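The block underneath contains the structure these notes are about, expressed in structure tokens.
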Amino acid sequence: MSEVVLTEVHGKVGLIRINRPDALNALNNEVVDGIGRAVDQFEADENIGCIVLTGSDKAFAAGADIGLMKSYGYMDTYKTDFITRNWERIRSARKPVIAAVSGFALGGGCEVAMMCDMIYASDTAKFGQPEIKLGIIPGAGGTQRLPRAVGKAKAMDMCLTARMIDAAEAERIGLVARVFPVDQLLDETLKSAATIASFSLPVVMMVKESVNRAYESSLNEGLLFERRTFHACFAIEDQKEGMAAFVEKRKPAFKNR
Ligand code: HXC
């Protein structure tokens, strides 16, 4: 694993830490490929039930690496399929991925956080889509995921004015699920991830898949997907165990089957 991306295992939680402090965790290929490899590693690990992606107290990630992009021409981006080629591994993860954001989450940094299933932020977090100041538009989902998360008015405001929003505003508008004091963010995120990882992994994956359907389909199609997936729960051993444990007033022992 490259040192710009570090990994740790905390019980059943896989932690991925972006570690490029000199550039406020700006996302170059080494970082993005490192995140992808770390996701591959935790997805393949049977003992991992939830993944956390974080940065430093100062920056989750201050965006795509501007020094790198400044010399790109159209053909460099089109022929190599910039972004699509390696940025979206998180999106195809089947286990939940939580972004734990402190400090700057700007441009591609905000977009990577939004690719995760939910964002927990510290009270020092700052979110923004400042690409317009550089003569480009958001290119890793900012114009699409932000309106879905916060609505058109706030998304337009952020993308058109480049204004940064703080954690309190991000929570108020629905970009962020929870806010913690900066020194508690990682512990609280790991605690929540451990709770998720304590449940039946196939059921966790079904919940994630079903919620994501809400973004990909009509209400009718989404409800049908949910209903059929709900029916399928009754074919798995962990449903028997979960309900038996409740009736017998004991903790369930899920087997991920
Ligand atoms: C490369 C970056 C960087 C970036 C910061 N740095 N952001 N390097 N790419 N995105 C580097 C700085 O050059 C500097 O390096 C060091 O990190 C510290 O940054 P400072 O600017 O000195 O820190 P500060 O004054 O605290 O300001 C913090 C900041 C500012 C407000 C976050 O750095 C900033 O505006 N950064 C750019 C944010 C941005 O525009 N992001 C969107 C990028 S475009 P040196 O060597 O000078 O010390 C994008 C496109 C997405 O993300 C579309 C597809 C992915």
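Just so you know, ligand 1 is whichever comes first in the structure, and atom 1 is the first atom listed for that ligand. Quick caveat, the model's predicted, so the values are computed rather than measured.
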*State the CD1-CE distance between Ile35 and Met115, to the nearest 0.5 angstrom.*
9.5 Å

*Qualifying residues under side-chain hydrogen bond (donor to acceptor under 3.5 Å, both in side chains), relative to Lys255, sequence neighbours excluded*: none

_Pairs meeting criterion side chain to side chain donor-acceptor pair (under 3.5 Å) with involvement of residues 214-228, two or more places apart_ = Arg228-His231

*Mind jotting down which residue pairs meet the side chain to side chain donor-acceptor pair (under 3.5 Å) criterion with at least one end in residues 120-141? Sequence neighbours excluded, please.*
Ser102-Ser122, Tyr120-Arg178, Tyr120-Ser192, Ser122-Thr124, Gln129-Glu131

*Between Glu237 and Lys240, is there a side-chain N and carboxylate O pair less than 4.0 Å apart?*
no

*asked:* Restricting to non-hydrogen atoms, name the atom on Ala162 and the atom on Ile132 that form the minimum distance, rounded to 0.1 Å.
replied: CB-CG2, 4.0 Å

*Can you list, by chain and residue number, every protein residue with a non-hydrogen atom closer than 4.0 Å to ligand 1?*
Asp22, Ala23, Leu24, Ala26, Ala62, Gly63, Ala64, Asp65, Ile66, Met69, Ile83, Trp87, Phe104, Leu106, Gly107, Gly108, Glu111, Pro130, Glu131, Leu134, Ile136, Gly139, Ala140

